Structures are given as structure tokens and as C-alpha cells.
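For reference, the structure is listed below as C-alpha cells.
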Amino acid sequence: MYQTSIDDFLEIEEFQQDLISWFLRVQRELPWRQNPTPYQVWVSEIMLQQTRVDTVIPYYDRFMQKYPNPEALAAAEEEDVLKTWEGLGYYSRARNLQTAVREVVSEYNGKVPDNAKELGQLKGVGPYTKGAILSIAYQQPEPAVDGNVMRVISRIRKVEEDIAKPKARKIIEGIVSDMISAEDPSSFNQGLMELGALICKPKNPLCDECPVQAHCRAYKEDLQEMLPIKSRKKSQRTEKYVALLIRDENHRILVQKRPEKGLLANLWQFPMIPMDKANTTDELVQWFGDQYGITIDVHKHLTDIKHVFSHIIWNLDVYSATSTGGCLQEGKGEFLSAEELQQLPFPVSHQKIARLI
DNA sequence: AAACCGGGGTC
DNA sequence: GACCCAGGTTT
């Protein structure tokens, strides 16, 4: 159904020319587009996963200044890398990137692999990032199918598969493989993504300005608003916590490092107590003493924080407190000065608490 | 195949 | 609020 016949070759060649010439004319000037090294392409593609261009730009500039090459990133402390990534989200991207870069330095003499097999085995490099590096950095005709490309191709070729399902990506990859330019796969792939970002938008696509309107089956049948078809994911669960800003007699503040797996792995936070463990202040003090080994005085309510993740909603009820006795149990955190806190990576929700200090 | 994993912009 | 964003990993 989506297969390309010999009769389509001419049509595809016109599509390639229309897309590429448009891209070369209107493309945005982005920091990772100025004669990029494979490492620069790699870093930018990881940062751009599920993240808008405008959000990434300042992070990319700072990251490249601190870690200009694989050797610099490989040698860095993980905590410093996370601090540089702070606020960008999906923190496993940063940890996987460093793991993979260390492998490139030790196994490939610091040269980013230029083949699908080795690239695909690197941590955090999936089908999209692999294709992006091969096409953009090495000019190989490999598909790089992201959310933009799924939407653009599903409209151009009237693909009615549910793009929320893994099967759809395989179909789109097959279509792109048949259409991609052998002369300039970099501009072809980037052109598809640029088209999705600037013209072929999810809502109210600007079909009047589209360089490949003549090739679009959805436009021909006035289906552009109906495609792509995407099933909606279920809504988030809500989790309620009390978060505590606890000071000791030296005005240092209790913080703890989160576990190395799961949500916000290896980031730092202020102590959080699940609301169902402590309905009253007395229960809260009791529970905290049991878990942490120290006695606290809970003072005033500081603020409420609502934080939305992709799959959870946090409601944080923030109180100030002082520690009045006892001995902090091993591994339950440490009291640090305000200056020391600034060196540590915190999730955005807890940065809002830190601002209250 | 479905769930997990952040944070911010848009409509 | 719902959806989306230059996705990947784990279960």
C-alpha cells in the first residue's frame, strides 16, 4: 500500500528537489548547524529529543563550552554534567550520553562511529539519533524519523496508521528510505523536520506556504487536519507529598540524593514525605523521626507547588522546620550550606523550594 | 505493546 | 486542560 513503484521515481525526484531547495533557502541558523562535528550533531540530537529548539539553544551553548569534545565530557564528573543539564529534563539522556561518550573515547579512539551497527549499540542512541548522526554528520542516506517526520510523511503519503504505535514508525521509516535523497541526505532529513516545525504543524498547518504541497495526498483530499491519526495516552496519576526545608543550628539545610534509578535519578532534593504516611503534624514528626533519626520542629507553611510530569502530577506542600536533636541516619542525606546547594543538580520542582532559602 | 522518563510552549 | 516537542529504555 505504501510501497514505491518504478512509476513514482520522477515524482520522488521532484519532491526531493522541492524540499531540499526550500530547506537550503529558509533554514534557521542554529548553533549546531555551523559546520558541525559528529560529536556536536550527537549532543544536539540528544538534547533535542522531546525538546523544542528554542529550549535547547542555551543549554547546547553552555554544554559545548564546558565539554567541547568527547574527551572533555568523558573526563567530567557525572554530577557536573547533571548540573549543566539541570532544567532540561529526561536526565537519563545526560547520563547515557556520558556513558556512550566514554565508550567512544575508550573503544573508538574518540571518533564517533560512522556505521549503524556500532552507533546503535551506544547508550541512548536509538533508531532516530542513529539515523540523524549518519545522515547529518556522515551524509549517509539513512532515515531519521522523529515526531515531525511522522506527521509530515503521514500527511504527504496519507498514512492512516496510529502513529502512537511502534508499527507506524517502521512504516514511515520504509517510506523515507524510498524517498531520501542520495545526493544530500542531510538536507533531506533536516528539511522534513524543518517542514514539520515551521509549516506542517500539528494544528493549522500552513499549506499555502508549503514547498511540497503539490506532492501531498492529504492536501489533495483536504485531510491535513485529520492526519496523522494518534490515539491519546491516559492521564497522569497525582501524588501528594509534604516537602521540608529543614535547618540545623548552623543554618545548614537538609538535602538528599535521589536513587540512581527511576524518576529524576541521581538528582538532589529536599526531604519529601508521602502525604498518606502523615495526615497530621504529629504523625509527620513521628514518621520523620523513624525514617531519618532526627527530631524536627515543623514551623510555618511556605507554599504549595504543583509540578506536572509526563506521567505523574506532584503536589508538594512545603513547610519550614528545624532539627532539634537526634542523629541523621546514614544515607538519609546531609546538611549543607546555601552555597554548597548551588553546586548540586535539583529538579525544577525543588529549585522552586530552594528559592525560598 | 505499554509504561516509564521532564519540562515548557501552544492552542 | 490536552497536546506536542529533532525519543530511548525497561518491563
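Fair warning: this is a prediction, and the values are worked out from it, not measured in the lab. Below, read A as the first sequence line, B as the second, and so on, with proteins coming before strands; counting in each chain starts at 1.
At a threshold of 4.0 angstrom between heavy atoms, the contacts of A:Lys233 with the nucleic acid are absent. Within the nucleic acid shown, A:Gly87 comes within 4.0 Å of sugar-phosphate atoms alone, with no base atom in reach, counting heavy atoms only. A:Thr129 comes within 4.0 angstrom of the backbone, heavy atoms only, and of no base. Base contact: A:Ser310 has a heavy atom under 4.0 Å from a base atom. Within 4.0 Å (heavy atoms only), A:Arg28 reaches at least one base atom of the nucleic acid. Heavy atoms of A:Ile46 sit nowhere under 4.0 angstrom from any nucleic acid atom. Residue contacts shown for A:Val56 are absent, as no nucleic acid heavy atom lies under 4.0 Å away. Looking at heavy-atom distances under 4.0 Å, A:Arg33 makes contact with a base.
Cation-pi contact between A:Arg62 and A:Tyr59: present, with separation from the ring centre below 6.0 Å and deviation from the ring axis of at most 45°.
Residues A:Leu267 and A:Lys201 both approach DNA chain B. Their nearest nucleotides, taken by heavy-atom distance, put A:Leu267 toward the 5′ side. Where A:Glu194 and A:Asn96 meet DNA chain C, the nucleotide closest to each residue was compared, and A:Glu194 sits on the side nearer the 5' end. Heavy-atom nearest nucleotides on DNA chain C were determined for A:Arg52 and for A:Arg93, and the one closer to the 5' end corresponds to A:Arg52. DNA chain B is contacted by both A:Asn204 and A:Gln50; A:Gln50 maps to the nucleotide lying nearer its 5′ end (nearest heavy atom per residue).
A salt bridge links A:Arg237 with A:Glu239: the distance from a Lys NZ or Arg NE/NH1/NH2 to an Asp or Glu carboxylate oxygen falls below 4.0 Å. Salt-bridge check for A:Lys158 with A:Glu221: passed, with a basic side-chain N closer than 4.0 Å to an acidic carboxylate O.
Put simply, CZ on A:Phe309 is 16 Å from C1' on B:dA3, counting in whole angstrom units. Counting to the nearest Å, the C1' atom of C:dC5 and the NZ atom of A:Lys203 are 14 Å from each other. Across the protein-nucleic acid pair, A:Leu88 atom CG and B:dC5 atom C1' stand 13 Å apart, rounded to whole Å. Nucleotide C:dC4 holds its P atom 19 Å from the CD atom of A:Gln49, rounded to whole Å. Regarding A:Arg95, its CZ atom lies at a distance of 10 Å from the P atom of C:dT10, rounded to whole Å. The CZ-P distance, from A:Phe346 to B:dG6, rounds to 16 Å in whole Å. As rounded to whole Å, 18 Å separates atom P of B:dG9 from atom CG of A:Leu198. Between the P atom of C:dC5 and the CD1 atom of A:Ile57 lies a distance of 18 Å, rounded to the nearest Å.
Each of C:dG7, C:dT9, B:dG7 was ranked by its minimum atom distance to the side chain of A:His307; first place goes to B:dG7. Side chain of A:Tyr90, nearest nucleotide from C:dC4, C:dA6, B:dG6: B:dG6. When each of B:dG7, C:dA6, C:dG8 is scored by its nearest atom to the side-chain atoms of A:Pro127, the top-ranked nucleotide is C:dG8. Taking the side chain of A:His311 as heavy atoms from C-beta on, and the options C:dC5, C:dA6, B:dC5, the nearest nucleotide is B:dC5. Distance from the side chain of A:Arg232 is smallest for C:dA2 among the nucleotides C:dG7, C:dA2, C:dC4. Of the candidates B:dG7, B:dA1, C:dG7, B:dG7 carries the atom nearest the A:Leu264 side chain, counting heavy atoms from C-beta on. Closest to the side chain of A:Leu263, from the set B:dG6, B:dA1, C:dT9, is B:dG6. Among the nucleotides B:dC5, C:dG1, B:dG6, the one closest to any side-chain atom of A:Thr51 is B:dG6.
Taking a 6.0 Å sphere around CG of A:Asn109, one finds it holds 12 or fewer heavy atoms contributed by other residues, nucleotides or ligands.
Nucleotides C:dT10 and B:dG6 are separated by 14 Å at their P atoms, to the nearest Å. Rounded to whole Å, the separation between the P atoms of C:dA6 and B:dC11 comes to 13 Å.
Contact between the side-chain N/O atoms of A:Lys165 and the OP1/OP2 oxygens of B:dA2 is found at a separation under 4.0 Å. Proximity of A:Lys261 to the phosphate of B:dC4: no side-chain N or O atom is located under 4.0 Å from OP1 or OP2.
Screening A:Phe270, A:Trp85, A:Tyr91, A:Trp268 for a ring-ring contact (aromatic ring centres under 6.0 Å, His included) with A:Phe346, the sole residue that qualifies is A:Phe270. For the side-chain hydrogen bond (donor to acceptor under 3.5 Å, both in side chains) with A:Tyr292, the lone residue among A:Gln329, A:Gln256, A:Lys332 that qualifies is A:Gln256.
Among residue pairs with one or both ends in residues 168-220 of chain A, those qualifying as ring-ring contact (aromatic ring centres under 6.0 Å, His included) are A:Phe15-A:His215; sequence neighbours excluded.
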